[in-house]
Amino acid sequence: DSGVTQTPKHLITATGQRVTLRCSPRSGDLSVYWYQQSLDQGLQFLIQYYNGEERAKGNILERFSAQQFPDLHSELNLSSLELGDSALYFCASSVGGSEGSYEQYFGPGTRLTVT
Amino acid sequence: QKEVEQDPGPLSVPEGAIVSLNCTYSNSAFQYFMWYRQYSRKGPELLMYTYSSGNKEDGRFTAQVDKSSKYISLFIRDSQPSDSATYLCAMRRTSYDKVIFGPGTSLSVIP
């Protein structure tokens, strides 16, 4: 158990809908990262937050957004869902941000299925 | 050309064998190299971390980095069925840069 929690574990929804994925980092970790893992694309970095502020952006679609709250939990919002958004979504956390934190601890993931 | 390439396997070995997993990369700016293990439907777990070139050993695992060849390796000695998983290499340019993952190699260790 990495100490990172994600809810829900599974999500099935229809095209065009909007969903919210939630992540609670390990106690003491200030950085939260979101990743998407699909069979054909592998593990893709989406976005990083550090202590409530956006720190880095990867290949995140405009239909997706995220935020980190004062209690450091984070939410990833996916809207206007398409079939191709079906994937595993992982959250990871680490202690630091700009000063470097190579150890990212991953949560168990949320499996999203868009039908 | 992808930034990080990895043979997807699957790789099947008998219990007790030495396993060699490899990644190549194209960006010479990468300095931090990691190996993650991912069991089916679980989150990746950090196994090894190395900075720049050289070797690092931790128990049955040894990570090697050859920056001149843009090639990294993970060796697993005395492989066990519990090592059956997908192994992802990962790297970043600086300690605070985004992490780029390889596509992963699926490993099966047969009892």
Side-chain angles (χ1 to χ4, degrees), chain A residues 1-6 9-10 21 23-26 30-51 53-60 87-113, chain B residues 1-10 21 23-27 29-52 54 56 58 61 63 65 72 74 85-106:
Chain A
D1 185 355
S2 67
V4 178
T5 60
Q6 288 187 249
K9 286 185 179 178
H10 303 280
L21 313 183
C23 168
S24 291
R26 291 187 324 151
L30 299 179
S31 275
V32 169
Y33 310 77
W34 286 99
Y35 292 87
Q36 179 192 57
Q37 188 176 42
S38 58
L39 282 174
D40 58 344
Q41 291 292 322
L43 197 59
Q44 300 286 316
F45 168 70
L46 295 178
I47 197 164
Q48 178 201 354
Y49 279 83
Y50 173 71
N51 204 20
E53 294 188 4
E54 183 183 304
R55 180 56 58 94
K57 232 174 185 177
N59 301 321
I60 187 166
L88 268 170
Y89 290 84
F90 288 105
C91 168
S93 73
S94 65
V95 172
S98 60
E99 71 275 18
S101 49
Y102 53 85
E103 284 204 50
Q104 293 185 18
Y105 294 87
F106 281 78
T110 293
R111 181 172 293 278
L112 173 67
T113 302
Chain B
Q1 183 189 10
K2 290 187 177 180
E3 274 194 291
V4 181
E5 304 218 44
Q6 206 176 345
D7 186 337
L21 304 166
C23 279
T24 58
Y25 61 94
S26 57
N27 190 343
F30 286 136
Q31 297 188 85
Y32 297 82
F33 304 92
M34 293 144 283
W35 284 95
Y36 283 81
R37 177 175 63 194
Q38 185 176 22
Y39 291 113
S40 181
R41 297 173 180 263
K42 303 287 187 184
E45 168 195 12
L46 180 65
L47 277 179
M48 299 286 285
Y49 162 84
T50 52
Y51 170 71
S52 195
K56 184 174 184 178
D58 184 2
F61 298 91
V65 174
I72 70 171
L74 178 71
T86 296
Y87 290 80
L88 305 164
C89 64
M91 46 202 77
R92 65 200 313 181
R93 294 174 301 176
T94 66
S95 61
Y96 50 84
D97 197 12
K98 66 179 181 181
V99 177
I100 307 297
F101 284 84
T105 297
S106 174

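Naming: A, B, ... by sequence-line order, numbering from 1 per chain.
If you measure heavy-atom distances from B:Leu88 to chain A, the contacts under 4.5 Å come from the side chain alone. A:Gln6 does not touch chain B: none of its heavy atoms, backbone or side chain, sits under 4.5 Å away.
Atoms CG and OG1, on A:Leu43 and B:Thr86 in that order, are 11.5 Å from each other to the nearest 0.5 Å. Summarising the geometry, atom NZ belonging to B:Lys98 is positioned 12.0 Å from atom CD1 belonging to A:Ile47; distances are rounded to the nearest 0.5 Å. Note: B:Lys42 NZ to A:Phe106 CZ = 15.5 Å, rounded to the nearest 0.5 Å. Here the straight-line distance linking atom CZ of B:Arg41 with atom CZ of A:Arg111 works out to 4.0 Å at 0.5 Å rounding.
In this structure, B:Val99 and A:Tyr33 have side chains that are not in contact, with every pair of non-hydrogen atoms separated by 4.5 Å or more. At a threshold of 4.5 Å between non-hydrogen side-chain atoms, the residues B:Phe101 and A:Tyr35 count as touching. Side-chain atoms of B:Leu46 and A:Gln104, non-hydrogen and from C-beta on, never get closer than 4.5 Å to each other.
With a 6.0 Å radius and a threshold of 12 heavy atoms from other residues, nucleotides or ligands, B:Arg93 has its CZ atom at or below the threshold.
Heavy atoms only, all atoms of each residue included: B:Gln38 and A:Phe90 are closest at NE2-CZ, 3.4 Å.
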